[in-house]
Asks: 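Got a structure here, written out as structure tokens. Questions coming.
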Number of protein chains: 2
Amino acid sequence: MAQTDTVTRILDTAEVLFAERGFAETSLRNITSKARVNLAAVNYHFGSKKSLIQAVFSRYLDPFTERFHLALDELEAHYAGQVIPLEVLLETMARTVLEVPAERNSLKVFMRLLGLAYSQAQGHLRRHIQEEYGSVFTRFSELVRLATPDLPDVERFWRLHFVLGTVIFTLSGLDALRDIAEKDYGEHTSVRDLIRRLRPVVVAAMNAPLPEPAQPRAEAS
Amino acid sequence: MAQTDTVTRILDTAEVLFAERGFAETSLRNITSKARVNLAAVNYHFGSKKSLIQAVFSRYLDPFTERFHLALDELEAHYAGQVIPLEVLLETMARTVLEVPAERNSLKVFMRLLGLAYSQAQGHLRRHIQEEYGSVFTRFSELVRLATPDLPDVERFWRLHFVLGTVIFTLSGLDALRDIAEKDYGEHTSVRDLIRRLRPVVVAAMNAPLPEPAQPRAEAS
DNA sequence: CCTGATTGGAAACAGTTGTTTTAAACGTAA
DNA sequence: TTACGTTTAAAACAACTGTTTCCAATCAGG
């Protein structure tokens, strides 16, 4: 290994540029020149741009899933068969999300990337994330199921994704929103601040009354 | 005008491809070949790809803002100075969003485009939307302010964007989510179905209890 | 009929993209 | 030293991008 590891410098630069401008809008030459690394180094170490993108995600998702599984293990041990309250589950998830990228202040980047993974329909990425992220999400939503026994399964499925949308949308567009908020209300909003505001909203959303039964309709889509 | 209007055919094709693959991933040749239109026609009628993108948005936003302003006019006339309930405001917005693209079953496309406008950082697009969309959003959030007098301004600002995130995220990723839901719960979910599920969640989110006061912290970001 | 705006076809432009190749250097461990 | 993995440099590759241009064909309105 030479200097500060070419691989690491590529990943560090790539994740920032990807988060700022998206995948298609970030060229390998953008990355390598800003990282002061040879162009060929990307294909040498990662094989292709696709693999680079996946590697950027893995660097976040691998430690995240590991820590989250551990945190859920502790939770299950502590509650010993009893139902874990919804608030505790959400709190644990939030804490894990905050812990993982903490060392580089890159929660913003992490969230932007998650948002891109959803909106930027890169097929290979969705598959890659499903594989790495799927099992822990299944486990988590099963615990949420136990914590919200009155909620029909379909309803809980949708509400979990409603909440996911709120979190990803807000945190990934944080910079823009923060600017507006700061300008209009003169109040600086930190990420921890936002999560504090998020908590009661998310809990209320999950515990909202059930919708009225569906009206029969003619249309399909 | 010849045949079915080249301009219209370009817009119809462009909006679908943009919604499916994003802006950068959709080339003018993709559009013109699928629309069976000459490549040069885009630059002839729209001037540039940027202008094409803005035109695609205008075709949705222009009628939307117009109808939404009218709907709010009627609401204010009907309530004659009295406070319009939050549920009614949200209901009105939802109805307008559903009405506008109804003729082409393209609500999905509309929402995908809105999601892209946020995530895909195209600077010019954000400005363009802010100009066309800003005034009606300001008017709407002022009415929401009157409907939720107990909510501090900052808190309402954030909660409105939480809700916006839920709606855009869910509806723009609808196809993927619908597939999962259908597979796991064997239940087809229409857009109207989703809005029915969305309503109590959104109302509960807006009316959630206030968060506990902020803890003093060391960090900034 | 003629004029001017609209289309189609085709080619070319200059620029960027991801990827590959060849070369020479460098570091480390055997 | 030899050998191997790493890194740089530079160039080239074919493919694709948005945009422009030229020309012939089509069309409607005055």
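Because only heavy atoms are used, hydrogens play no part in the values below, and waters and symmetry mates are left out as well, while side chains stay in.
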Asks: What's Thr32(A) touching, base or sugar-phosphate or nothing? Going by heavy atoms closer than 4.0 Å.
Replies: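 Here Thr32(A) touches no strand at all.
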Asks: Extract from the structure each pairing of a protein N or O with an N or O of nucleotides 10-15 of chain D at less than 3.5 Å, listing the distance.
Replies:
none

Asks: Kindly write out the residues that satisfy ring pair (Phe, Tyr, Trp, His ring centres under 6.0 Å) with Tyr44(B), not counting sequence neighbours, or none if the list is empty.
Replies: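 Residues passing ring pair (Phe, Tyr, Trp, His ring centres under 6.0 Å) with Tyr44(B): none at all.
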Asks: I'd like to check the salt bridge (charged side-chain N to carboxylate O under 4.0 Å, His left out) partners of Glu142(A); sequence neighbours left out, ordered by chain and number.
Replies: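 Partners of Glu142(A) under the salt bridge (charged side-chain N to carboxylate O under 4.0 Å, His left out) test: Arg145(A).
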Asks: Return the set of residues passing salt bridge (charged side-chain N to carboxylate O under 4.0 Å, His left out) with Asp184(A) (not counting sequence neighbours), or none when no residue passes.
Replies: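 Testing Asp184(A) for salt bridge (charged side-chain N to carboxylate O under 4.0 Å, His left out), a comparison that skips the adjacent residues, returns none.
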Asks: What pairs with Ala40(B) under side-chain contact (heavy atoms from CB on, under 4.5 Å), at least two apart in sequence or on another chain?
Replies: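 Once residues adjacent in sequence are excluded, the partners of Ala40(B) under the side-chain contact (heavy atoms from CB on, under 4.5 Å) criterion are Asn38(B).
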Asks: Which residues in residues 44-51 of chain B have a heavy atom closer than 4.0 Å to any atom of DNA chain C?
Replies: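 Contacting residues: Tyr44(B), His45(B).
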Asks: Could you state the CD1-C1' distance from Ile53(A) to dG18(C), rounded to the nearest angstrom?
Replies: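 One finds 12 Å between C1' of dG18(C) and CD1 of Ile53(A), rounded.
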Asks: With pairs defined as Watson-Crick or G-U wobble and both distances under 3.5 angstrom, please note down DNA chain D as a dot-bracket string, | for pairing with another strand.
Replies: |||||||.||||||||.||||||..|||.|
Asks: State which residues pass side-chain contact (heavy atoms from CB on, under 4.5 Å) with Asp193(A); sequence neighbours excluded, sorted by chain then number.
Replies: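 Asp193(A) satisfies side-chain contact (heavy atoms from CB on, under 4.5 Å) with Thr189(A), Ser190(A), Arg196(A), Arg197(A), Ala214(B) only.
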Asks: Examine dT7(D): is either OP1 or OP2 under 4.0 Å from a nitrogen or oxygen in the side chain of Thr6(A)? Give yes or no.
Replies: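 Indeed, a polar side-chain atom of Thr6(A) lies that close.
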Asks: Check for a donor-acceptor pair, side chain of Ser106(A) on one end and backbone N or O of Val109(A) on the other, with a separation under 3.5 Å.
Replies: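 No, Ser106(A) side chain to Val109(A) backbone: no donor-acceptor pair under 3.5 Å.
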Asks: Round to the nearest Å and state the distance from Leu28(A) atom CG to dT8(D) atom P.
Replies: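 Rounding to the nearest Å, CG of Leu28(A) and P of dT8(D) are 15 Å apart.
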Asks: Who are the ring pair (Phe, Tyr, Trp, His ring centres under 6.0 Å) partners of Phe64(B), not counting sequence neighbours?
Replies: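 With neighbours one apart ignored, the set is Phe68(B), Tyr133(B).
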Asks: Of all residues at least two apart in sequence or in a different chain, which pass the side-chain contact (heavy atoms from CB on, under 4.5 Å) check with Arg139(A)?
Replies: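 His69(A), Leu72(A), Asp73(A), Glu76(A).
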Asks: Please list, chain by chain and in numerical order, all residues satisfying side-chain contact (heavy atoms from CB on, under 4.5 Å) with Ala71(B), sequence neighbours excluded.
Replies: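 Listed in chain order: Thr92(B), Thr96(B).
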Asks: State which residues pass salt bridge (charged side-chain N to carboxylate O under 4.0 Å, His left out) with Glu91(A); sequence neighbours excluded, sorted by chain then number.
Replies: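 If we apply the salt bridge (charged side-chain N to carboxylate O under 4.0 Å, His left out) test to Glu91(A), skipping adjacent residues, the hits are Arg199(A).
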